[in-house]
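To keep things clear, I will list the structure first and then write my remarks on it.
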Amino acid sequence: MAGKGEHVIEVTLPSRPEYLLVARLATSGVGLRAGLTVDDIEDLKVAVAEACTNVINHAFKKDGGSGGQRIQLRLTAGKGELTVEVEDEGQGFDPEDLKKSQRSGLEGEGGLGFGLMKELTDTFRVESAPGSGTRVIMVKRATR
Amino acid sequence: MAGKGEHVIEVTLPSRPEYLLVARLATSGVGLRAGLTVDDIEDLKVAVAEACTNVINHAFKKDGGSGGQRIQLRLTAGKGELTVEVEDEGQGFDPEDLKKSQRSGLEGEGGLGFGLMKELTDTFRVESAPGSGTRVIMVKRATR
Amino acid sequence: MRIRTDAVDECTTVCRVGGELDAYTAPDLRDSLDGLLEKGARWIVVDLKDLTYLDSTGLGILVGTAKKCRQAGGDLSVACQRRNLVRIFEISGTQEILNLVATAEEAATRLQELHEGCPEDASGEEAT
Amino acid sequence: MRIRTDAVDECTTVCRVGGELDAYTAPDLRDSLDGLLEKGARWIVVDLKDLTYLDSTGLGILVGTAKKCRQAGGDLSVACQRRNLVRIFEISGTQEILNLVATAEEAATRLQELHEGCPEDASGEEAT
Ligand SMILES: Nc1ncnc2c1ncn2[C@@H]1O[C@H](COP(=O)(O)OP(=O)(O)O)[C@@H](O)[C@H]1O
Ligand SMILES: Nc1ncnc2c1ncn2[C@@H]1O[C@H](COP(=O)(O)OP(=O)(O)O)[C@@H](O)[C@H]1O
């Protein structure tokens, strides 16, 4: 539930790359209303897109993604801060595995996603477990 | 349910004027992916904003709008067309009343909303009744 | 939304509105225009050159202000060329009541024609 | 996203990428760059002057292409000045591997320095 003075905006999208744009646009609009700066918003757009791209790439067995394969975006606008939750009901993973395979993102063509989310937001958390979906929670506070 | 090749994007917003921007941005993003032209999208943005502005102005008794007073936006992207449903669980109204009080919008400072929605979309329908909320359904097809 | 107000001559005031005019930003425009009227302005050009979005809430304010100008013995003219916005004026049938023209210059000329000569006092406070 | 490819000289090819580069548009860029490599290009400038959005998917393609260029005996240099994008290169630590510079001119010079003189044939098909 939203606290006092907080506003919740929910966006549910097909888990497909063409709708990353919609996730970014929604983040921009709510970010503006939450009082984030243009630079804050650019950062947060990347962080949100990274979380959504992970859902698209990793959450579901590859089988088209037309039906119930969805990305849930929950934006909570507070005074000078925006909390974004990106959630899926996909296969999940063990966040501990990330620490083990701490290969630098430069080595492969991937692995940068969580690194960017962490660096581009003020608070970052992943909740996931094999078989139980994934939720990424990020907070961006207005600079200035 | 979405038909084959259709994608559904749902956006739920507080019934507050500051989030009209988010409704318009979401419409733009999905409109682009549905293959609408830039002009089509400009038209549809106005139509969607009119429907949302009606929710804000008419759906709920004035008492802040913080809690459960929400606007539901459902965008269904098909090939070359976008269907938008704008729904609220507010007090509703009798669409027959509109015909009776067919005063020109120019006389007062209002009354233009439904006229613009009709003119700016290809299909337009309102479902409402006193006490049961309101749903506006609009379809915009790509020109060209 | 951005609002900037300039006096063109003793009797004409130009209000330039940029950005997006919707139910969220409309109260600011209404306040600005009401403020002008209170200060005695009654010949007002609303220049929408840099406006990118307009809907019925904005139209309502423009039409309402046009009426107030006329009640005060003046008039209002809207300058707008952007195709999608002109379409909104057309569909709503508000071009005439708003003296819709393409540019701020044309709008000033239009008002000049309408008042044919500048009334001496432009600081009256008839709008109470 | 918009992609435009131009030969600068016998050995250097510039690929200008504008708009937004994300997981939706990335396959087009990958195809373009792979196509250049297949045609024998191995000294590639990627000019991101008009790019407004970039994330890890785009970085992955740029890093992957840089490696392919090196395997083919060439290299890649990325030109980008936009603050928010430069930040993404910095955070990801990819500036060096991508020979990140500010402008396409600097990128061409950078490649010139790296290959010191233009190898005679630029149409080989070593990348099989
Ligand atoms: N939503 C998700 N569902 C399932 N697995 C995920 C999800 N998000 C991330 N992962 C797992 O975490 C790993 C690291 O993600 P990330 O840092 O974004 O890099 P990359 O996506 O390039 O592998 C992924 O490779 C994947 O195994
Ligand atoms: N979502 C809604 N909930 C309740 N009443 C509504 C809703 N939308 C429209 N109405 C009713 O329909 C009327 C006409 O709406 P509209 O044509 O948009 O003009 P305006 O909003 O300027 O009155 C409104 O005045 C209101 O009584």
Side-chain angles (χ1 to χ4, degrees), chain A residues 13-25 27-28 31 36-59 62 65 71 86 102-122 124 136 138 140 143, chain D residues 1-2 17-34 37 46 48 50-71 75-78 80-100:
Chain A
L13 303 159
S15 175
R16 300 175 66 97
E18 58 259 56
Y19 298 107
L20 289 168
L21 171 64
V22 178
R24 294 198 300 272
L25 287 170
T27 302
S28 292
L36 299 190
T37 66
V38 173
D39 283 343
D40 296 333
I41 290 173
E42 287 307 317
D43 287 355
L44 190 58
K45 274 163 67 176
V46 175
V48 169
E50 293 295 343
C52 293
T53 303
N54 273 351
V55 178
I56 296 165
N57 288 338
H58 306 298
K62 295 284 171 287
I71 306 175
V86 179
Q102 198 62 294
R103 52 169 186 143
S104 136
L106 314 183
E107 293 311 299
E109 283 202 10
L112 290 171
F114 283 127
L116 286 171
M117 290 182 240
K118 246 174 261 174
E119 292 292 328
L120 293 169
T121 58
D122 294 293
F124 166 83
V136 172
M138 302 179 278
K140 185 78 181 171
T143 50
Chain D
M1 194 186 52
R2 301 173 298 277
V17 190
E20 304 198 313
L21 174 53
D22 66 3
Y24 178 58
T25 55
D28 288 345
L29 179 61
R30 192 191 316 255
D31 291 349
S32 292
L33 291 170
D34 282 352
L37 282 155
V46 180
L48 303 184
D50 299 322
L51 196 75
T52 54
Y53 179 83
L54 171 76
D55 61 25
S56 72
T57 305
L59 285 176
I61 288 172
L62 295 174
V63 170
T65 306
K67 283 176 191 163
K68 290 178 202 162
C69 285
R70 262 165 237 159
Q71 272 158 20
D75 210 328
L76 174 142
S77 175
V78 171
C80 181
Q81 279 187 292
R82 201 175 291 255
R83 195 163 34 138
N84 59 308
L85 301 197
V86 171
R87 196 160 143 63
I88 303 297
F89 290 110
E90 283 171 6
I91 292 174
S92 61
T94 50
Q95 308 116 291
E96 274 189 36
I97 200 175
L98 294 175
N99 297 299
L100 183 73

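Hydrogens, waters and symmetry mates play no part in the numbers below; they use all other heavy atoms, side chains included.
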- Under a 4.0 Å N-O cut-off, is there an ion pair linking D:Arg87 with A:Asp39? no
- Item | A:Glu42 bridged to D:Arg83 by N-O distance under 4.0 Å | no
- Message: Nearest 0.5 angstrom please: D:Asn84 CG to A:Lys45 NZ, how far?
- Response: 8.0 Å
- Query: What distance separates A:Met117 CE from D:Ile91 CD1, expressed to the nearest 0.5 Å?
  - Reply: 12.5 Å
- Pick from A:Thr53, A:Asp43, A:Ile56: which one has the most heavy-atom pairs with chain D under 4.5 Å? A:Asp43
- Query: If every non-hydrogen atom of A:Ala49 is compared with every non-hydrogen atom of D:Tyr53, which pair is closest and at what distance?
  - Reply: CB-OH, 3.0 Å
- What one should report as the nearest heavy-atom pair of A:Leu112 and D:Leu59 is CD1-CD1, 3.7 Å
- Minimum side-chain heavy-atom gap D:Glu20-A:Leu20 below 4.5 Å: no
- Non-hydrogen side-chain atoms of D:Ile88 and A:Leu120 separated by less than 4.5 Å: yes
- Message: Tell me if a side-chain donor or acceptor on A:Glu50 pairs with a main-chain N or O of D:Asp55 at a distance below 3.5 Å.
- Response: no
- Can you say whether D:Thr25 sits under 4.5 Å from chain A via the side chain, the backbone, both, or neither, judging by heavy atoms? neither
- Query: Considering only heavy atoms, which portion of D:Leu85 lies under 4.5 Å from any heavy atom of chain A: side chain, backbone, both, or neither?
  - Reply: neither
